[in-house]
**Q** 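I'd like to ask some things about the structure below.
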Amino acid sequence: MKVILRKAFPDDYEQIAFVHYKAWLETYTGLLPESFLKNRTLEASINIFKNNLCSNTVVAMLKAKLLVFAAGALFGIILLKKTLVKFMAYTYSTPIKNIK
């Protein structure tokens with residue numbers, strides 16, 4: 001299986017939002033108040049990434065499905081296969097078992 005790392009396109013917003021939403025629920029359930037997590041909705045995540053056009057976001061894709069995205073403030077830059085890649089402030093991923 002070949003994973004493709006690329007800059008996010010504005011049309012990636014729905015897949016990015018879904019990973020963002022699921023990661024929040026899976027990571028913070030039991031750590032943050034349930035009332036706070038109930039306010040985290042898929043629609044809110046969709047609005048975030050649709051409105052910012054997925055700017056400053058890098059995605060890793062497998063079989064046209066999003067595995068990981070990284071976004072946020074620039075921490076640094078590395079050279080990966082002759083391509084400059086930014087270090088990002090946060091990273092979200094989906095379990096590989098979810099990719100069929």
Side-chain angles (χ1 to χ4, degrees):
M1 289 188 275
K2 185 176 180 181
V3 174
I4 298 178
L5 179 67
R6 64 168 172 77
K7 184 177 183 327
F9 303 132
D11 289 347
D12 292 328
Y13 75 90
E14 289 182 275
Q15 288 191 77
I16 292 170
F18 181 76
V19 171
H20 181 257
Y21 169 72
K22 292 295 285 181
W24 263 90
L25 295 182
E26 291 172 9
T27 302
Y28 297 111
T29 296
L31 297 173
L32 293 175
E34 189 175 326
S35 59
F36 177 82
L37 291 175
K38 282 184 180 180
N39 290 324
R40 302 293 305 189
T41 64
L42 178 56
E43 293 77 20
S45 291
I46 287 171
N47 285 333
I48 291 168
F49 295 99
K50 185 176 183 180
N51 291 335
N52 77 8
L53 304 175
C54 304
S55 62
N56 297 318
T57 304
V58 175
V59 296
M61 306 292 290
L62 176 66
K63 295 183 179 181
K65 295 196 179 188
L66 190 131
L67 290 176
V68 176
F69 78 91
L74 176 64
F75 281 149
I77 297 176
I78 60 171
L79 188 62
L80 177 68
K81 293 186 179 182
K82 299 182 182 178
T83 303
L84 291 179
V85 177
K86 300 174 184 177
F87 286 97
M88 300 295 176
Y90 55 86
T91 304
Y92 292 87
S93 65
T94 188
I96 200 155
K97 68 182 180 183
N98 292 343
I99 305 298
K100 297 177 183 168

**Q** Would you compute the distance between atom CG of Leu53 and atom CZ of Phe9 and round it to the nearest 0.5 angstrom?
**A**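 Those atoms lie 13.5 Å apart.
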
**Q** Can you check whether Asn39's main-chain N or O pairs, donor with acceptor, with Thr41's side chain at less than 3.5 Å?
**A** no

**Q** Using the rule side chain to side chain contact (heavy atoms under 4.5 Å, CB included), only one of Leu5, Ile16, Ile4 pairs with Val59; which is it?
**A**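 Testing Val59 for a side chain to side chain contact (heavy atoms under 4.5 Å, CB included) against Leu5, Ile16, Ile4 leaves exactly one candidate, Ile16.
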
**Q** Output all residues satisfying salt bridge (charged side-chain N to carboxylate O under 4.0 Å, His left out) with Glu34, sequence neighbours left out; order by chain, then residue number.
**A** Lys38

**Q** Listed by chain and number, what are the side chain to side chain contact (heavy atoms under 4.5 Å, CB included) partners of Tyr21, not counting sequence neighbours?
**A** Leu25, Leu42, Ser45

**Q** Tell me whether the rings of Phe49 and His20 are parallel (<30°), tilted (30 to 60°) or perpendicular (>60°).
**A**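 The rings of Phe49 and His20 stand perpendicular, inter-plane angle above 60°.
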
**Q** Return the CD to SG distance between Glu14 and Cys54, rounded to the nearest 0.5 Å.
**A** 10.0 Å

**Q** Test of understanding: with side chain to side chain contact (heavy atoms under 4.5 Å, CB included), list the residues that count as partners of Thr27, not counting sequence neighbours.
**A** none

**Q** Rounded to the nearest 0.5 Å, what's the gap from OG1 on Thr57 to CG on Asp12? Could you check?
**A** 9.0 Å

**Q** Measure across Leu62 and Lys2 and return the closest heavy-atom pair with its distance rounded to 0.1 Å.
**A**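 Answer, listing the atom of Leu62 first, then Lys2: CD1-O, 3.5 Å.
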
**Q** So how far is it from Ile46 CD1 to Gln15 CD, rounded to the nearest 0.5 Å?
**A**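 So the gap between those two atoms works out to 11.5 Å.
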
